[in-house]
Amino acid sequence: VPGTSQATAVVSKQQKSHSTNSRDERFRSDVHTEAVQAALAKYKERKMPMPSKRRSVLVHSSVETYTPPDTSSASEDEGSLRRQGRITSTPFQSHSNAEPWLNRVIQGSSTSSSASSTSSHPGGKPAAASNLMAHIQLAWSDVVSNVETCICVFINTWQIMHPFCLAGVPVNSRVSSKIQQLLNTLKRPKRPPLKEFFVDDFEELLEVQQPDPNQPKPEGNQMNVLKGEPVSVVTNWPPSLLAALQRWGTTQPKAPCLTALDTTGKAVYTLTYGKLWSRSLKLAYTLLNKLTSRNEPLLKPGDRVALVFPNSDPVMFMVAFYGCLLAELIPVPIEVPLTRKDAGSQQVGFLLGSCGVTLALTTDACQKGLPKAQTGEVVTFKGWPRLIWFVIDGKHLAKPTKDWHPQLRDASAEIAYIEYKTSKEGSTVGITISHASMLAHCHALTQACGYSEAETLTNVLDFKRDAGLWHGVLTSRGLRPEVICPCASSSEALTVAIRRPPELGGPPPGKAVLSMNCLSYGVIRVDTEEKLSVLTVQDVGQIMPGANVCVVKVDGTPYLCKADEVGEICVNSGATGMAYFGLVGITKNVFEVCFFPMQSTGVPVSDQPFTRTGLLGFVGPDYLVFVVGKLDGLITVSGRRHNADDVVATALAVEPMKFVYRGRIAVFSVTVLHDDRIVLVAEQRPDASEEDSFQWMSRVLQAIDSIHQVGVYCLALVPANTLPKAPLGGIHISETKQRFLEGALHPCNVLMCPHTCVTNLPKPRQKQPDVGPASMIVGNLVAGKRIAQASGRDVTQLEDNDQARKFLYLADVLQWRAQTTPDHPLFLLLNSKGTVASTASCMQLHKRAERVAVALMEKGRLNVGDHVALVYPPGVDLIATFYGCLYAGCIPVTVRPPHAQSLTATLPTVRMIVEVSKSACILTTQVITKLLKSKEAAAAVDIKTWPTILDTDDMPKKKLANIFRPTSPDMLAYLDFSVSTTGILAGVKMSHAATSALCRSIKLQCELYPSRQIAICLDPYCGLGFALWCLCSVYSGHQSILVPPLELESNVSLWLSAVSQYKVRVTFCSYSVMEMCTKGLGTQTDMLRVINLSCVRTCMVVAEERPRIALTQSFSKLFKDLGLSARAVSTTFGCRVNVAICLQGTAGPDPTTVYVDMRALRHDRVRLVERGSPHSLPLMESGKILPGVKVIIAHTETKGPLGDSHLGEIWVSSPHNATGYYTVYGEEALHADHFTARLSFGDTQTIWARTGYLGFLRRTELTDASGERHDALYVVGSLDETLELRGMRYHPIDIETSVIRAHKSIAECAVFTWTNLLVVVVELEGSEQEALDLVALVTNVVLEEHYLIVGVVVIVDPGVIPINSRGEKQRMHLRDGFLADQLDPIYVAYNM
């Protein structure tokens, strides 16, 4: 327990002044130095790739502005007697020798906060005990000469390790060489993989730890219950503690009871027994009689009262404590809250609330220091009940009346006081101590320590709780220089064991050097030869008088341990706590339920209940108790138990003073993928360089790996002074862990080692020898499953008054419309203000097309069949020039124009399409013509090689002599070029027949007629977007309201306003448009009151991917109040081989949603599950299959047909399939059979086109328009995009969805693989100091949900992940950018 009274502060003050950089020989332990050096020698050569970091993240703040951690307040981890270096000559000089010993011992047993589970320890092996004792005697002889016995509370294991140095700093280099470095690091032999597997509620086989046949096993006899010496009978022993206070207060009023010292060691105040008695009486009288609420007394006996006193004021605390006892109130001592956001303060508030505390006692000085509200009252702290603050300084207390006397009852089982304790998880509980326990405990302590009257005790512990309260406030006795008496205690069982002073005739102190490896299996083996990983422990003395103690197994049924087995120490005595206040369940588990340690025969050891202490240990020779750790600090990894304190000790042995602050290290475990993972967090010194810190981190990993044979999952360094402090100054462990898991720790350095630690991944999938296609069909038939195939309505059977059907070619349809309905408006283009920018009627379009055709022939001198690139912004010009090309017999190729602001990025794509499509001419506007020939363009591409460029802004009004008429419908009509998400530029050929069939199919599905209006907010350059802009209106005669998506950047409500204004029933958009509306209008729905979307029957998202359910649902919900029907929003599906396979249309059942098991998908299987079940993934049907389209699901490898609800490649046969690739740039060989595939079995005659998408068909209970049962097509994802990892197939979107959920600051995410490493790129929407928080969260979530280890985590700015016009991520572009060092990442972490 940290020093808290002023007596200790003097040491810390003077030690602060001395220089801290001199190496302190007192921490030497040659044995451990050799051990750690030997452990690290193995790793000498290995270079780990160092993370790369943007400069701005490096400098959290300058060295000058750093304040080192506040080491003046004595800390739970770092008693203020623990500073390093030499003290200037003072009377206290000889203290310095005591330090190495105190380092371990003083840090003690405060269980107040979870911080005690990871105190800072210099760890390892002490010098020989005799040496040590000699030091200690010297140290203390000058300081306290008249004191009888020194009691040191000792829970943590006692180790002293030696720091060692680092060598070699990895160089910062290019990404690719770092990845190579990482691969080299990962090639090293891993810890052996675990042999057996268990089934994790599906066929996911997670490896499970099987007992190692060679692991040490306990061999000793079963231990018996240890009985303490009987409690001596004292004739004049007072019947209660209050009676004792009355006796001393009245018979020896002048005898000093307590002296408080200031920071220089001067006595500030001496409280006599008489003063204590009279003041406590005054306080008791005032509390019961002078505090009222609505004329009722505020307090009645049995009420709980909070005591809030600073560590510098033991006098007032003692008065308050006994005053409450005299008033029969129950004191609840807590720490002074400093700010509204103290770590763990909310939990303390919860305890006060559950205890029903309404009054807090404090001192005048303390009350003035508390944070105040504007009213001047003390603020209500977060999570606290409303408290009345009462100051107990003398002037506020009333003198009792003559006839008032407190009732001094005999010590009973009623609650005397409540002590708080913080658990490993951070929850705060109150432990109730009865009057009888308190008296029995004082009796036992007095007997064990040989206390007698008029002795002096020096207390450097926290007097509000635990041993400081018991020895300093309750028993008040002494210290002597000969001997240190360590003791073990816990909040539940009070003092468990204490070493007796020599004159009481106890056995000599014991010491054990234990094998750490055996300890991790819970077995005690004295280490003989292996010096590498040992733990040296000293005994904590014998058990208390009148107590029974046994050691029971930590897990499962509480059987007694064998003599050589570590277990939890349990106590049965009259001097233990009673219960956890208000918590019946866990009380039964710890105190009450007659906790019987069972013998192997299953017979209870005794009929008396034992209390669990939370201490792990064993009983050694001479019945000495040894403690090796605490349950709170226990970390169980793969079946082996490690102590957090020991891990910290090893870390501190690695040359700690240079890089991190001693005492500011936290170790805890987090559960990831069914096992505990060790996390180590330390505060970094501001003057430590990046390279040094990284080097230190990698050496710590290696040291822990060697000494403990366990991997560290994550090691994080945070800036000085940023870890949450426990009330007494140490690290608040549970709060640190909470921040780590919430991504609020803000580390400045982080190193994750999932490759090293995670040994229980599922078995990589072994691909079975493929079952042949014939066997599959037979299997499906036997199982009663139909073959998965479906088709839209039969076009030949559909009778409609479709005049356009008479014409084979679209050019003919346009001429016919220009003659029959010349003024019928076909197109209406809106600008960003929502006003009409241009329109085109049938005749106007026809006339403009004629002019373009004339220009092509006369100016461009083009021949029939020449290819023409149309480079236009979205608008009527693009449509007119398209028909102009058809009129002239040329083949149009629509190309997105380059962006003036980013020519270097966009112009090469234009250049490539023009080149690959073999365009003989470019048609464009004057502005773009200038751009294509500009100096800036010359820097990006070779502008001399452009073909003829014609600008069509002012063409002569000439009539075309004759319009070209193709000789056959199978002739090429246009080329459709698009860059896929995998970065492949592919152009497909569309014949005149396919073009007409496509228009007819869409017309029938959407019921499009000349009287209809549809709104289109899509890019018009490829796929279905192009067809809807340029083809469908001319074929069906409906009016298209064109909204260029680019205009939404300046007016995000443009599209929805247009839909509302023109009362549009059918509208099309892209995911990027939907996302812009959802994000941009989400907060402005009030401004949109003028918009009414109740007219919309169908709003279709044009996509070539799996439907984004989350986005479509949030869009529907958001605009529901504007009249948008939830049924209206649906998706379409098309791809390169067929741009429109599914489209919801106006009739037919609503799209269905199913839930599939994501783990089955990885094995290429569909397993339907209920909504909300674990690992479930919602998939929405991609709209209805279009008329004339047939779909089948084929096996990706055998090309055989698959059954209903089986995952395979979607194949399509339809009159509007493209006729083939014009070219697939760079991938020609791979795609040869995409348009001419045949099934290997069954119907082998039909020619299909392979879409390259995985999906499945499922027959639903719904009926379609023809009365047949409806077949739903579910698209899972593009085959080209899938990641093959560990023999399984992953869809990037699933991993990305998990990652985006991991932290609120993750705006977007993309994943790809590089040399079998999974790379996750995350866009950070927040401050750069959050960047490193994301590394662990991303790694955790991908491990938990996908059983994959992330190799590299890249944190970038928002907008870095490239997205195409359809709103799809361009993962391959991103990968190329990453490998070429072009992303300017904030941070790149290479996971080990």
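Position 1 is the first residue of the sequence, and the numbers go up from there.
The distance from atom OH of Tyr661 to atom CD1 of Ile731, rounded to the nearest 0.5 Å, is 12.5 Å. In this structure, Ile635 CD1 and Ser520 OG are separated by 12.5 Å, a value rounded to the nearest 0.5 Å.
The shortest non-hydrogen separation linking Val429 to Leu351 is C-CD1, 3.8 Å. Among all heavy-atom pairs drawn from Ala1389 and Pro51, the shortest one is CA-CB, 4.4 Å. Closest non-hydrogen pair, Asp1333 versus His746, comes out as OD2-ND1, 2.6 Å. Of all heavy-atom pairs spanning Pro49 and Tyr1390, the tightest one is CG-CB, 3.8 Å. For the pair Ala1310 and Leu1374, the tightest heavy-atom approach, listed with the atom from each and the gap, is CB-CD2, 3.5 Å. The two atoms that bring Cys714 and Val750 nearest to each other are SG-CG2, 3.8 Å, heavy atoms only.
A salt bridge links Glu1296 with Lys1369: the distance from a Lys NZ or Arg NE/NH1/NH2 to an Asp or Glu carboxylate oxygen falls below 4.0 Å. Under the 4.0 Å criterion applied to side-chain N and carboxylate O atoms, Glu1328 and Lys53 are not assigned as salt-bridge partners. Contact check on Glu742 versus Lys737 returns no salt bridge, with no Lys/Arg side-chain nitrogen under 4.0 Å from an Asp/Glu carboxylate oxygen.
Asn1340 and Tyr713 share a side-chain donor-acceptor pair at under 3.5 Å. Under the 3.5 Å distance criterion, with hydrogens and angles disregarded, no donor-acceptor pair is assigned to the side chains of Asp705 and Thr756. Judged by distance alone, the side chains of Gln684 and Ser693 do bring a donor and an acceptor atom under 3.5 Å apart. Side-chain polar atoms of Ser734 and Glu425 form no donor-acceptor pair below 3.5 angstrom. In the model, Asp632 has no side-chain atom that pairs as donor or acceptor with a side-chain atom of Ser423 under 3.5 Å. Defined by atom type and a distance below 3.5 Å, a donor-acceptor pair is missing between the side-chain atoms of Glu1325 and Ser1305. Checked by atom type, the side-chain pair Asp692/Ser689 shows a donor-acceptor distance below 3.5 Å.
Between the Ser706 side chain and the Ala703 main chain, no donor and acceptor come within less than 3.5 Å of each other. Without hydrogens or angle criteria, Asn643 side chain to Val628 main chain gives a donor-acceptor distance under 3.5 Å.
Inter-residue side-chain proximity for Val660 and Glu683 is flagged as unmet; no heavy-atom pair is nearer than 4.5 Å. Here the side chains of Trp384 and Ser345 are in contact, with some heavy-atom distance below 4.5 Å. At least one side-chain heavy atom of His1346 sits less than 4.5 Å from a side-chain heavy atom of Met1158.
When each of Val1299, Asn1391, Leu1343 is checked for a side chain to side chain contact (heavy atoms under 4.5 Å, CB included) with Val1338, only Val1299 meets the rule.
Relative ring orientation between His642 and His708 is described as perpendicular, the plane-to-plane angle rising above 60° on a 0-90° scale split at 30° and 60°.
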